[in-house]
Amino acid sequence: KIKRGKERVNVTRLASSDSDEPEVTGGYIIAMNILDLDERDIAFQTSRGTPGWYPWNGFIYIYPDKFAVTDAQSAYVKDYIERFEDALYGPDFTDPESGYAAYIDVGSFVDYLLLTEALKNADSYYASMYMHKERQGKLYMGPIWDWNVSLGGTSDWDCWDPRRWLYAWVGGFWFPRLRQDPEFRLLFADRWFDLRRDLLATDRLLADIDATAALLDEAQHRNFERWPILGQYIPECE
């Protein structure tokens, strides 16, 4: 699971006494998720209703723990995200100094969008989205998590169709606005073409697929005997 730690999400440890700047500015790990019943009273949405989608979606604290985060720390995080949204949806949102880029690590949002769209993770944009913020740092999207219904693992959201933008179909909260910025789209394109030269090069991807198929060759027969889903509609939530 997503945890704070030197070998995990390496944000600064917060004490309950950290209620003023700069200490209160980090580190935090928050998740945008579908909420359990015991989380709905302590999670939050922004004044714009983000993340929306479901009335039981919201931002919940992972670190500090949802029951350990203090009022001062919670107020800081909420205010920071509100100010980010004000900048994102404001008239000068593309300004690198006063727009959204002043609040987020843009490269991490580019990578999240690229991976989600390339691999069509149906759980993205409304659940299982993790973010963290280091002390005196910007909001960072990630680490990625919960990818069991990516790569065609569900029939919902038309995830089998590589020609569609998943964020446009599901909602994507901040990402449609980000993609209205020509600079963000340029960063996205540059990152894609850079990755296609090495980590996402066609030959490398095909080799990874062949190696994985060989590894799973025996197990996949038993899998489809136990769950005969080939050629069937696969709902995401079943």
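In this chain, residues are counted from 1 in sequence order.
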Subject >> Main-chain N/O of Asp38 paired with Asp36 side-chain donor or acceptor, under 3.5 Å >> reply: no

* To do: Report whether Ile34 and Leu37 are members of the same hydrophobic cluster (ILVMFWY, side-chain heavy atoms less than 4.5 Å apart, transitive linking).
  => no

Checklist entry - With distance as the sole test, does Tyr80 use its side chain to make a donor-acceptor pair with the main-chain N or O of Tyr103 at under 3.5 Å? => result yes

Ser19 and Val24 have their tightest heavy-atom pair at C-CB, 3.7 Å

Discussion item. Would you say CG of Asp79 has more than 12 non-hydrogen atoms from neighbouring residues, nucleotides or ligands within 6.0 angstrom?
Written reply: yes

### Message
Strictly distance-based, threshold 3.5 Å: is any side-chain N or O of Asp105 a donor or acceptor partner for the main-chain N or O of Leu139?
### Response
no

Dump the intermediate steps for side-chain contact (heavy atoms from CB on, under 4.5 Å) on Ile81 and Thr50, then the final yes or no. CA-CA 10 Å; Ile81 293 178; Thr50 306; over 6 Å; no

On a heavy-atom basis, the closest approach of Ser128 and Asp146 is OG-OD2, 2.6 Å

### Query
Will you find, in the side chains of Glu82 and Ser47, an N or O donor that is under 3.5 Å from an N or O acceptor?
yes

**Study point:** Geometric class of the Phe184/Tyr100 ring pair [parallel <30°, tilted 30-60°, perpendicular >60°]
**Key:** perpendicular

In this structure, OH of Tyr112 is separated from CG of Asn121 (nearest 0.5 Å) by 6.5 Å

Tightest non-hydrogen contact, residues Val69 and Ser74, listed as CG2-N, 3.9 Å

- Sub-4.5 Å side-chain heavy-atom contact between Asp123 and Asn148: yes

(message) Atom CG of residue position Asp71 - does it have more than 12 heavy atoms of other residues, nucleotides or ligands inside 6.0 Å?
(response) no

Separation between CD1 (Ile42) and CD1 (Ile60), nearest 0.5 Å, reads 4.5 Å

Are Leu215 and Phe224 connected, step by step, through hydrophobic side chains (Ile, Leu, Val, Met, Phe, Trp, Tyr) whose heavy atoms are closer than 4.5 Å?
no

What one should report as the nearest heavy-atom pair of Ser98 and Ala87 is O-CB, 3.8 Å

So CG of Asn223 and CD of Glu218: to nearest 0.5 Å the spacing works out to 11.0 Å

query = Is there a chain of hydrophobic side chains (I, L, V, M, F, W, Y, each step under 4.5 Å between heavy atoms) that links Leu199 to Phe188?
reply = yes

Tell me, do Met129 and Phe173 make a side-chain contact under 4.5 Å, heavy atoms counted? yes

Separation between CG (Leu115) and NZ (Lys120), nearest 0.5 Å, reads 11.5 Å

| said: For the aromatic rings, using the six-membered ring if either is Trp, is the centroid distance between Trp174 and Phe84 under 6.0 Å? | reply: yes

Open item on the list: Keeping Asn57 on the side-chain end and Tyr126 on the backbone end, is there a donor-acceptor pair under 3.5 Å?
Closed with: yes

Margin query: Can you confirm if the NZ or CZ of Arg177 lies within 45° of the ring axis of Phe93 and under 6.0 Å from the centre of its six-membered ring?
Written below: yes

Would Tyr140 end up clustered with Tyr130 when hydrophobic side chains under 4.5 Å apart are linked, directly or stepwise?
no

Please check if any side-chain donor atom of Glu39 sits under 3.5 Å from a side-chain acceptor atom of Trp56, or the reverse.
no

Run Asp111 and Arg191 through side-chain contact (heavy atoms from CB on, under 4.5 Å) and show every step you take. CA-CA 8 Å; Asp111 280 352; Arg191 180 64 165 154; 2.6 Å; yes

Check whether more than 12 heavy atoms from other residues, nucleotides or ligands sit under 6.0 Å from atom CZ of Arg13, and answer yes or no. no

Problem - Donor on one side chain, acceptor on other, Arg4 and Thr12, under 3.5 Å - result: no

Any chance the side chains of Thr116 and Tyr167 put a donor and an acceptor closer than 3.5 Å?
-> no

Judged by atom type as modelled, is there a donor-acceptor pair below 3.5 Å linking the side chain of Tyr63 to the main-chain atoms of Leu14? yes

Notebook entry, point to check: Does Phe193 CZ have over 12 foreign heavy atoms under 6.0 Å away?
Noted result: no

Exam field: side chain Asp92 to backbone Asp95, donor-acceptor pair closer than 3.5 Å
no

- Does any N or O in the side chain of Lys133 come within less than 3.5 Å of the main-chain N or O of Ile30, such that one atom is a donor and the other an acceptor? no

* To do: State yes or no: do Leu230 and Trp227 share one hydrophobic cluster built from I, L, V, M, F, W and Y residues joined by side-chain heavy-atom distances below 4.5 Å, directly or via other members?
  => yes

Exercise. Would you confirm whether Arg185, through its side chain, and Arg179, through its main-chain N or O, come within 3.5 Å as a donor-acceptor pair?
Key: yes

For Thr154 and Val149 the tightest heavy-atom approach is CG2-O, 3.8 Å

Stepwise side-chain contact (heavy atoms from CB on, under 4.5 Å) test for Tyr125 and Leu113:
CA-CA 10 Å; Tyr125 305 132; Leu113 180 64; 3.1 Å; yes

task = Decide side-chain contact (heavy atoms from CB on, under 4.5 Å) for Asn10 and His132; before the verdict, give the C-alpha distance in whole Å, the side-chain angles of both, and the deciding distance to 0.1 Å.
result = CA-CA 9 Å; Asn10 192 19; His132 60 278; over 6 Å; no

Output for pair (Met141 CE, Met32 CE), nearest 0.5 Å, gives 7.5 Å

Checking Thr46, Val77, Asn33 against Phe59 for side-chain contact (heavy atoms from CB on, under 4.5 Å), the one that qualifies is Thr46

- Item | Short side-chain to backbone donor-acceptor contact, Asp18 and Ala15, under 3.5 Å | yes

Closest heavy-atom pair, Pro182 versus Gln180, reported as atoms and distance to 0.1 Å, is CD-O, 3.4 Å

**Message:** Are the side chains of Ile62 and Lys3 in contact, using a 4.5 Å heavy-atom criterion?
**Reply:** no

Distance col, row Leu114:CG vs Asp194:CG, nearest 0.5 angstrom, shows 10.5 Å

> Are any side-chain N or O atoms of Thr25 and backbone N or O atoms of Arg135, one a donor and one an acceptor, separated by less than 3.5 Å?
Replying inline: no

